[in-house]
Amino acid sequence: MITRRDFIKISGLAIGLIIAPSGFQILKAEEIMNNNLKPVLWLQITKNNELIILSNKSEMGQGVYTGLAMLVADELDFPWEKVKVKAAPASDIYKDEKFGSQLTGGSTSLRHMHEFYRYLGATAKEMILNAASEKLNISKSNLKVKEGYLWYKDKRYPYSHFWDYALKLPIPQEVNLKNPEEFIYIGKNVPRIDVPEKVNGRAIFGIDVKLKNMVYAVVERPNYFDSKVEDFNKDDILKEKGIIDAFPIQTGVAIVGETFESLLKVRNKVKVKWSRSSIEGYDDNKLQEYYLNKLNENGNIARNDGNVIKVIQNVNKKIEETYLLPYLYHGTIEPMNCVANITDDRCEIYAPIQAQTFAQKVAMEVTGFDKNKVDVYTTYLGGGFGRKSNVLFVKEAVEISKKLKRPVKLIYTREDDVKSQWYRPMNATILKAGLDNNGNLIALYHKIAVPAVFEWAGRPSKIDRAAVEGIENMFYDIPNVHVEFVKVDLPIPVWFWRSVGSSHNAFTLETFIDRVAKLSHKDPVELRLKLLSKNQRAQNVIQTVAEKAGWGKTPKYGAAMGIAYHYSFGTHVAQVAEVSLDKSTGIVKVHRVVCAIDLGPTVINPDLVIAQVESAVNMGLSAALKEAVHFGKSGPSNLNFDTYPILTMDEAPDEIEVHIVKGEGSMGGVGEPGLPPIAPAVANALFWGYDIKVNRLPMTPDYIKSLIL
C-alpha cells in the first residue's frame, strides 16, 4: 500500500508509461503531470539502489505483484532481492486501458499489462545507459548491465548513481525488448515478492488498518436485499455501553461503537422493522420451482447454427437432461471491511478492493467531492474471487464516516457477509442432443435460466455475456447448435464469482458430453478429440491429461476416472479426476486430479500457474461437493461456516498434478480457468464408475445416496 505522501515523494523521481496513438511512449513524471497525460505505470530507483514498482493490479494471493515485477526486473536486469512492489493509488493515471478502469479481475492482470511492464523496464535500462555514457564519456557499446549495476571493464556503478541524471535527459522513445533466450526471470520460478512480509506479519490487509481517533461500525441488514428500514429501536441501542450512534443508511442500520466488541454485544438487541420483500417466503423449494419453470419461457438466442429443433425431432438417438445449480457464497477468509475518513475537504479510503476506479466513484457520489479530493489506498486482500470488485461496502463506510466526520472502520461479520448476498447466480439449464445413425453428435440445444450478472454490475444487455460464456463460444464442432438465455429477475444480488458463468456452464456441458459418449458407445476422451478436431490446442491438453493420468490403464488409486475440458479466459484446460464413492455413507472422495493447461506461448512464472490451478481445483471442488446458499422462508439460512461448509484439508485431493502445455496464440489467463473442469470431471467419474448421473450440485452425501440404485 502506498499513501498520498509516499506517492508525491516518489513521483518526481519516477517515470511513467503512457499509451500513445503510435504505441508506447515513456515520459518523466513531471512531463506527464504538466501535460495532463495518463501514464499506466510507475517506476523508481532509490538512492540505495532499490527498485520500486507501483502495481495497478490488486494482490489477493494470486501472485500478481510477483508476475508484474518479474517483467520490469528482467528487462531492467535488476537483482530480484532488491525489488519492491506497492499498490498504486486510485487514479485515472493507473487505469487498465483495456478495461477503461483500475480493476483486477477476469484473469487479465498479466494478459493486459505484461507488455506495458516490459517496456517500462526496458526504457529505464536505456535511460540509465544513456546517462552513464554521457557522464562517464564512454560509448554505450562498451557498457554492460548486470544485476542492477553498470560495468565498464573492471569497474561497476549502481544504477542509482545515474538515475537522477537520467531523468534530466531526453526519454528514449524506441527501445528493444529482450529475446526469450536473454530472459533471466521470465519463464522461471522466482520467490514470491509478497511472502516475506506475510510470513513475518508486516503485511497490511484491510482489516489491519488503524487511524487516529477511529471508531468501528457494523450494518444490520435485511434478510432480503429489497427490504428497507421502516423503524428501529435507536434509543435502546444508544443506551448500551460503548455505542456512539445508530442511524439508517442505504443498506440497513449502521451502528457505530468505540470497539468492535461493543458492536458484537449489542447486535442481538437490535430490532428493525423492515418493509416487506417481494420474495418473502421464497425458500429452497420455491426457488427451485421458480427456476425450473423459467425454462418453459422463451429467452434471447445467443447462438443459432443450423436447425437444432428440426434435427433433434427427426433423429432416432436423442438425449435430454435438466440441471439445477445453487447460489454460491464467495467465502473470502477476510470478509468485507473498509476504513473511511471524511473531513470537510477530503475523503480517504483504505480497503482490500479489486476495483479502485469504482471505489473512488462511489465515494465521489456520497461526498460530492471532486476526484482529486478522494484518495483510495489498496491493501492486501485476504481473498477476492470477484467479490471485492463490488464496492458497496466502500460506499457504506463512506456514508457512515460522512455523518460522523471521523475515521470509521466498517467490518462485516461472516453473517453480514453472507446476508449481503452478491452470490454466484443460481441457475437452471436444459440440454438436448441429437445423434445420427453413426452415433455422431449433430445437434446441441442449450437453454439456461439465470440472473444477469452484468446487469447487476450496471451493464445491461439483451444477452448476459456471463450467462452463456463457455457455451456460446465453445470449440466443439457440432453442425447444429442453439444457445438460449432466459433472464431471471429476483431481488437477490448476484456477482462475479471465480470463473463466472464458466463455473456452471462447464459443469452442465461437460457432464452432458459424457452422457452423449455413453449413448454413442464412445470413450469420452475419444469423443472430445473428435469434436475438437479443428482446434489443436484443445486436443493437446486433452491428450496430455489423458496420458499423464493413465487414461485407459489401471487407476493409481484404484478409483473411477472422469475427464472434463473447458476453454475460458483465453486458456484451454483439461482435467482428470480419480474418484471413489462410499455407497454406505454417500461420501465422495477425490484422490487425484491431473490437469493440463495451455495459456499460450508465454508463461511468466510456472510456479504461479501451478499454485493458481491448485487453488482453483480446491475451490471448485469445495463448491462441487459441499457449497450452496440455502434459503428459509425469511431469507438465507446458512450464514457461517458451521452451516456453509467449505472443503477442509483432509477432504482435499491427495494429489494435484499440473502440466503446462505451451501453445500458439495470445496469452491466456490463469486465476480462473482451472476451476470450471473439476466439478464435471468428478461427476463424470461417478457416472462411469458408479452409474450415477449428477444433475444438481453440491454432491452432498445425502444427495449422492438418493442417486444410488
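FYI, the numbering just counts along the sequence from 1. Values below: every heavy atom of this structure, side chains too, minus hydrogens, waters and symmetry copies.
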For residues 660-678, which residue pairs qualify under side-chain hydrogen bond (donor to acceptor under 3.5 Å, both in side chains), counting only residues two or more places apart or in two chains? S107-E672
How are the rings of W422 and W456 set relative to one another: parallel (under 30°), tilted (30 to 60°) or perpendicular (over 60°)?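 Ring orientation, 0 to 90° scale: perpendicular.
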Anything under 30° is parallel, anything over 60° is perpendicular, the rest tilted; go ahead and classify Y224 against F631. parallel
With no hydrogens and no angle check, is any side-chain donor or acceptor of [X] less than 3.5 Å from a backbone partner on [Y]?
X    : Y    : value
N480 : N307 : yes
N427 : P425 : yes
K522 : G439 : yes
N300 : F485 : no
D607 : N189 : no
S615 : A611 : no
T104 : S58  : yes
R498 : G671 : yes
K447 : V483 : no
K318 : I312 : yes

So do [Y] and [X] actually touch side chain to side chain, heavy atoms under 4.5 Å?
X    : Y    : value
M619 : W497 : yes
Y445 : E484 : yes
V486 : L295 : no
R528 : D514 : yes
P636 : Y423 : yes
H566 : V573 : no
V694 : L686 : yes
S389 : W495 : yes

Inspect the contact between D582 and K705 and indicate whether a charged nitrogen and a carboxylate oxygen are less than 4.0 angstrom apart. no
Identify whether the distance between the nearest side-chain nitrogen and carboxylate oxygen of R118 and E115 falls below 4.0 Å. no
side-chain contact (heavy atoms from CB on, under 4.5 Å) assessment of Y290 paired with L490: CA-CA 10 Å; Y290 175 88; L490 289 175; 3.8 Å; yes
Kindly give the heavy-atom pair with the smallest separation between [X] and [Y], and that separation in Å.
X    : Y    : result
V629 : Y329 : CG2-N, 3.8 Å
L599 : G669 : CB-O, 4.0 Å
A433 : V516 : CB-CG2, 4.1 Å
I597 : T571 : CG1-CG2, 3.5 Å
L110 : G67  : CD2-C, 3.8 Å
D226 : S278 : OD2-OG, 2.7 Å

Show, in sequence, the C-alpha distance, side-chain angles and deciding distance for N638 and V418, and conclude whether the side-chain contact (heavy atoms from CB on, under 4.5 Å) test is met. CA-CA 8 Å; N638 50 337; V418 180; 5.6 Å; no
Going by side-chain hydrogen bond (donor to acceptor under 3.5 Å, both in side chains), name the residues that satisfy it together with [X], two or more places apart in sequence or in a different chain.
X    : answer
Q536 : N540
N314 : none
E320 : none
K530 : N440

With sequence neighbours excluded, give me every salt bridge (Lys or Arg N to Asp or Glu O under 4.0 Å) pair touching residues 548-569. K556-E655
Pairs meeting criterion salt bridge (Lys or Arg N to Asp or Glu O under 4.0 Å) with involvement of residues 689-699, two or more places apart: E321-K693, K518-D691
Does F358 have any side-chain contact (heavy atoms from CB on, under 4.5 Å) partners at least two apart in sequence or in another chain, and if so, which? S101, A355, V391
Test salt bridge (Lys or Arg N to Asp or Glu O under 4.0 Å) applied to K626 - qualifying residues, sequence neighbours left out: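 Partners of K626 under the salt bridge (Lys or Arg N to Asp or Glu O under 4.0 Å) test: E651.
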Those residues at least two apart in sequence (or on a different chain) that pass salt bridge (Lys or Arg N to Asp or Glu O under 4.0 Å) with E289 are none
Taking it one step at a time, do Y565 and I513 satisfy side-chain contact (heavy atoms from CB on, under 4.5 Å)? CA-CA 10 Å; Y565 157 81; I513 290 293; over 6 Å; no
So for atom CG, which belongs to N437, do other residues, nucleotides or ligands contribute more than 12 heavy atoms lying within a distance under 6.0 Å?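 Counting neighbours around CG of N437, 12 or fewer heavy atoms of other residues, nucleotides or ligands fall under 6.0 Å, so no.
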Return yes when atom NZ of K188 has more than 12 non-hydrogen atoms of other residues, nucleotides or ligands closer than 6.0 Å, and no otherwise.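 It does: K188 NZ has more than 12 such atoms within range.
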To the nearest 0.5 Å, how far apart are CG in L531 and CD in E526? 10.5 Å
In this structure, OG1 of T511 is separated from CG of N695 (nearest 0.5 Å) by 6.5 Å
Taking distance alone, no hydrogens or angles, what donor-acceptor pairs closer than 3.5 Å link side-chain atoms of residues 464-477 to residues at least two apart or in another chain?
residue, atom, partner, partner atom, Å
D464, OD1, V453, N, 3.4
D464, OD1, F454, N, 2.9
D464, OD2, V453, N, 3.4
D464, OD2, A466, N, 3.4
D464, OD2, A467, N, 3.2
E469, OE2, G501, N, 2.9
E469, OE2, S502, N, 2.9
E469, OE2, S502, OG, 3.4
N473, OD1, G470, N, 2.7
Y476, OH, E510, OE1, 3.4
Y476, OH, E510, OE2, 2.7
D477, OD2, K534, NZ, 3.3

Taking atom types as modelled and ignoring hydrogens, do the side chains of S622 and E627 form a donor-acceptor contact shorter than 3.5 angstrom?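 Yes, because at least one side-chain N or O of S622 sits under 3.5 Å from a partner of the opposite role on E627.
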Does a side chain donor of either D650 or T648 reach within less than 3.5 Å of an acceptor in the other side chain? yes
Please list all pairs meeting ring-ring contact (aromatic ring centres under 6.0 Å, His included) that have one or both residues in residues 587-607, counting only residues at least two apart or in different chains. Y557-H591
Residues I692, L581; criterion side-chain contact (heavy atoms from CB on, under 4.5 Å); working and verdict: CA-CA 10 Å; I692 290 174; L581 169 63; 3.5 Å; yes
With side-chain hydrogen bond (donor to acceptor under 3.5 Å, both in side chains) as the test, pick out the partner of D598 among R537, H659, H572.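 Per the side-chain hydrogen bond (donor to acceptor under 3.5 Å, both in side chains) rule, the option paired with D598 is R537, out of R537, H659, H572.
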